[in-house]
*Asks:* 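The structure is given below, and queries will be raised subsequently.
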Amino acid sequence: MEVERVQALALGGLNELPAQFIRPAHERPENSKAIEGVTVPVISLSQPHATVVEEISKASSEWGLFLITDHGVPSALIRRLKEVGEEFFNLPQEEKESYANDHSSGSFEGYGTKMTKNLEEKVEWIDYYFHLMYPPSKVNHGVWPKNPPSYREVTEEYNAQLLKATDKLLELLSEGLGLEGKVLKARLGGEEIETEMKINMYPPCPQPELALGVEPHTDMSALTLLVPNEVPGLQVWKDGNWFAVDYVPDALVVHVGDQLEVLSNGKYKSVLHRSLVNKKSTRMSWAVFVVPPHEAIIGPLPDLIDDKNPAKYSTKTYAEYRYRKFNKLPQ
């Protein structure tokens, strides 16, 4: 089945947005503007340990999202990651299509565009590339881009750096719950923890005030670590309003995902977020989802539950959680 790519549509010189991309009135950015002048927490990991634990715990409870600086991932590597991703999306359309994913096979790995399930469902203004990065036993390099040739080397190096950052973050988040540093990682699968790369590509949009790059959602991951390009668009929901996330060069944008909200019994909030698009510029982001293996059993941590604080979430395998989330079934 031929899929219409958003990038190809945009390159075709549209003046008006096709109907399937026009959001219902209440969802349109023009009718749900973000609050200006309030910044999402930016946390330097070079501060004293106790300060970092406190700031990350507070941000995860109040916002569900924060930016980290001084995180140890070299800025040159972040730059190379962006370059190889941009190079892939600049390839001829025919070459990109050779990596097209096939949802009917149950796999999302490869090059994709979100399709409508029915006539009413609106489409997001986005193309993407998705693949597993870790652990090696589950990685299929056959679905990774062969072009540019340096894609694999750069992505593997970036993954190694992000695994270190993830270990550090999970330790800090565990301590923020009053637990030993190793607890969260152990409950998420330990060394079996998985990382998934999703490169999001939002081409210039003729009527950005009517469209969304990604509709409001929470991530089903434990954590999502994201680097965007300099074109703004990410917004988070807090206290009944949208807030824009400013671009901070070389910072990692950390999203608390659903699994961490469940494990923390609601102390940490899985952040509702959306992505806007731009009339003149291409927005891109590189999201790494940190997820437990499918067989991991995720529920509120026993140490956080007592008579005064009963479990707010059910316990189930990550595979079951995923199935329910994809099919919009109650958890």
*Asks:* If you take all heavy atoms of Thr69 and Ser44, which pair is closest and at what distance?
*Replies:*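 Of all heavy-atom pairs spanning Thr69 and Ser44, the closest is OG1-CA, 3.3 Å.
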*Asks:* For atom CD of Glu180, is the number of surrounding heavy atoms from other residues, nucleotides or ligands below 6.0 Å larger than 12?
*Replies:* no
*Asks:* Answer yes if the side chains of Glu95 and Asn147 hold a donor-acceptor pair under 3.5 Å, and no otherwise.
*Replies:* yes
*Asks:* Would you find more than 12 non-hydrogen atoms of other residues, nucleotides or ligands less than 6.0 Å from Glu295 atom CD?
*Replies:* yes
*Asks:* Using modelled atom types and a 3.5 Å cut-off, is there a donor and acceptor pairing between side-chain atoms of Asn265 and backbone atoms of Lys312?
*Replies:* yes
*Asks:* Looking at Glu192 and Lys138, is there a salt bridge between them, counting it only when a charged N and a carboxylate O are closer than 4.0 Å?
*Replies:* no
*Asks:* Do side-chain atoms of Lys328 reach the backbone of Lys325 as a donor and acceptor pair under 3.5 angstrom?
*Replies:* no
*Asks:* Say whether Val245 and Phe66 are linked into one hydrophobic cluster, either directly or through other cluster members, by side-chain heavy-atom distances under 4.5 angstrom.
*Replies:*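 No, separate clusters.
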*Asks:* Establish whether Met133 and Leu223 are linked, either directly or via other cluster members, by ILVMFWY side-chain heavy-atom contacts under 4.5 Å.
*Replies:*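 Yes, Met133 and Leu223 fall within the same hydrophobic cluster.
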*Asks:* Is any side-chain heavy atom of Leu169 less than 4.5 Å from a side-chain heavy atom of Ile68?
*Replies:* yes
*Asks:* Does a salt bridge link Lys185 with Glu191, judged by any charged N lying under 4.0 Å from a carboxylate O?
*Replies:*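 A salt bridge is present here (some side-chain N lies under 4.0 Å from a carboxylate O).
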*Asks:* Do Ser150 and Arg80 have a side chain donor and acceptor closer than 3.5 Å?
*Replies:*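 No pair is found: no donor N or O on one side chain lies under 3.5 Å from an acceptor on the other.
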*Asks:* Looking at Ser285 and Ala287, would you say the former's side chain and the latter's main chain have a donor-acceptor pair under 3.5 Å?
*Replies:*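 Judged by distance alone, no pair lies under 3.5 Å.
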*Asks:* Using only atom types and a distance under 3.5 Å, with no angle test, would you say the side chain of Arg283 pairs donor to acceptor with the backbone of Val277?
*Replies:* no
*Asks:* Identify, with sequence neighbours excluded, every residue that meets side-chain contact (heavy atoms from CB on, under 4.5 Å) alongside Asn241.
*Replies:* Ile35, Phe243
*Asks:* Does Asp219 reach the main-chain N or O of Gly257 with its side chain, forming a donor-acceptor pair under 3.5 Å?
*Replies:*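 Flag not set: sc Asp219 to bb Gly257 has no pair under 3.5 Å.
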*Asks:* For Gln235, is there any backbone N or O sitting under 3.5 Å from a side-chain donor or acceptor partner on Arg274?
*Replies:*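 Judged by distance alone, no pair lies under 3.5 Å.
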*Asks:* Can a donor-acceptor pair be found, under 3.5 Å and without considering hydrogens, that links the side chain of Lys267 to the backbone of Gly176?
*Replies:*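 Yes: the side chain of Lys267 pairs with the backbone of Gly176.
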*Asks:* When you check the gap from the basic side-chain N to the acidic O, do Arg324 and Glu320 get nearer than 4.0 Å?
*Replies:*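 Yes, this pair counts.
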*Asks:* Go through the side-chain N and O atoms of Glu157 and Gln161 and say whether any donor and acceptor fall under 3.5 Å apart.
*Replies:*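 Per modelled atom types, Glu157 and Gln161 side chains form no pair under 3.5 Å.
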*Asks:* Apply the test side-chain contact (heavy atoms from CB on, under 4.5 Å) to residues Tyr313 and Glu261: give CA-CA distance (whole Å), side-chain angles for both, the deciding distance (0.1 Å), then the verdict.
*Replies:* CA-CA 9 Å; Tyr313 306 86; Glu261 178 172 323; 2.6 Å; yes
*Asks:* Let's go through Lys122 and Glu215 carefully: what are the C-alpha distance in whole Å and the side-chain angles of both, what is the deciding distance for salt bridge (Lys or Arg N to Asp or Glu O under 4.0 Å) to 0.1 Å, and is it a yes or a no?
*Replies:* CA-CA 9 Å; Lys122 295 298 180 180; Glu215 62 197 23; over 6 Å; no
*Asks:* Please tell me whether Leu234 and Met220 are part of a single hydrophobic cluster in this structure, the criterion being side-chain heavy atoms less than 4.5 Å apart.
*Replies:*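 Unlinked, Leu234 and Met220 end up in two clusters.
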*Asks:* What do the steps show when you test Tyr151 against Phe88 for ring-ring contact (aromatic ring centres under 6.0 Å, His included), and what is the final call?
*Replies:* CA-CA 9 Å; Tyr151 181 88; Phe88 173 80; 7.5 Å; no
*Asks:* Tell me whether the count of non-hydrogen atoms from other residues, nucleotides or ligands lying under 6.0 Å of NZ in Lys164 goes above 12.
*Replies:*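 Result for NZ/Lys164: open.
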*Asks:* Is the number of heavy atoms from other residues, nucleotides or ligands within 6.0 Å of CD (Glu36) greater than 12?
*Replies:*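 No - once you tally the heavy atoms of other residues, nucleotides and ligands closer than 6.0 Å, there are 12 at most.
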*Asks:* Tell me if a side-chain donor or acceptor on Glu109 pairs with a main-chain N or O of Leu132 at a distance below 3.5 Å.
*Replies:* yes
*Asks:* Working note: His273 + Val253, criterion side-chain contact (heavy atoms from CB on, under 4.5 Å); need CA distance, chi angles, decisive distance, verdict.
*Replies:* CA-CA 12 Å; His273 56 288; Val253 183; over 6 Å; no
*Asks:* Kindly assign one of parallel, tilted or perpendicular to the pair His294 and Tyr318, based on the angle between their ring planes and the thresholds 30° and 60°.
*Replies:*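 It falls in the perpendicular class, over 60°.
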*Asks:* Is the number of heavy atoms from other residues, nucleotides or ligands under 6.0 Å of Glu54 CD greater than 12?
*Replies:* no
*Asks:* Check whether any side-chain heavy atom of Leu210 sits under 4.5 Å from a side-chain heavy atom of Arg28, and report yes or no.
*Replies:*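 Yes, their side chains come closer than 4.5 Å.
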*Asks:* Please step through side-chain contact (heavy atoms from CB on, under 4.5 Å) for the pair Val227 and Tyr158, ending with a clear verdict.
*Replies:* CA-CA 11 Å; Val227 289; Tyr158 185 70; 3.8 Å; yes
*Asks:* Test your reading of the model: is there a side-chain donor-acceptor pair from Ser57 to the backbone of Val53, 3.5 Å cut-off?
*Replies:* no
*Asks:* What is the minimum heavy-atom distance between Tyr111 and Lys96, and which atoms define it?
*Replies:*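 It is CD2-O, 3.3 Å.
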*Asks:* Do the charged groups of Glu86 and Lys82 touch, with an N to O distance under 4.0 Å?
*Replies:* no
*Asks:* Let's go through His26 and Asn31 carefully: what are the C-alpha distance in whole Å and the side-chain angles of both, what is the deciding distance for side-chain contact (heavy atoms from CB on, under 4.5 Å) to 0.1 Å, and is it a yes or a no?
*Replies:* CA-CA 6 Å; His26 69 281; Asn31 297 329; over 6 Å; no
*Asks:* Does either side chain, that of Thr224 or that of Lys198, offer a donor lying less than 3.5 Å from an acceptor on the other one?
*Replies:* no
*Asks:* Classify the angle between the aromatic ring planes of Phe108 and Phe326 as parallel (below 30°), tilted (30 to 60°) or perpendicular (above 60°).
*Replies:* parallel
*Asks:* Measure up the Trp144 and His141 rings against each other and bin them: parallel (under 30°), tilted (30 to 60°), perpendicular (over 60°).
*Replies:*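 Judged by the thresholds at 30° and 60°, the geometry between Trp144 and His141 is perpendicular.
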*Asks:* List the atom of Thr282, the atom of Pro204, and the distance in Å for their closest heavy-atom pair.
*Replies:* OG1-CD, 3.2 Å
*Asks:* When hydrophobic residues are tied together by side-chain contacts of less than 4.5 Å, even through go-betweens, does Val262 share a cluster with Tyr268?
*Replies:* yes
*Asks:* Cut-off 3.5 Å, side chains only: do Tyr128 and Asn101 have a donor facing an acceptor?
*Replies:* yes
*Asks:* Under a single-linkage definition using a 4.5 Å side-chain heavy-atom cutoff for Ile, Leu, Val, Met, Phe, Trp and Tyr, are Val154 and Val143 assigned to the same hydrophobic cluster?
*Replies:* yes
*Asks:* Given 3.5 Å as the limit, does a donor-acceptor pair link the side chain of Asn327 with the main chain of Leu329, or not?
*Replies:* no
*Asks:* Minimum heavy-atom separation for Ile298 and Leu263, please, with both atom names.
*Replies:*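 Between these two residues, the closest heavy atoms are CG2-CG, 3.9 Å.
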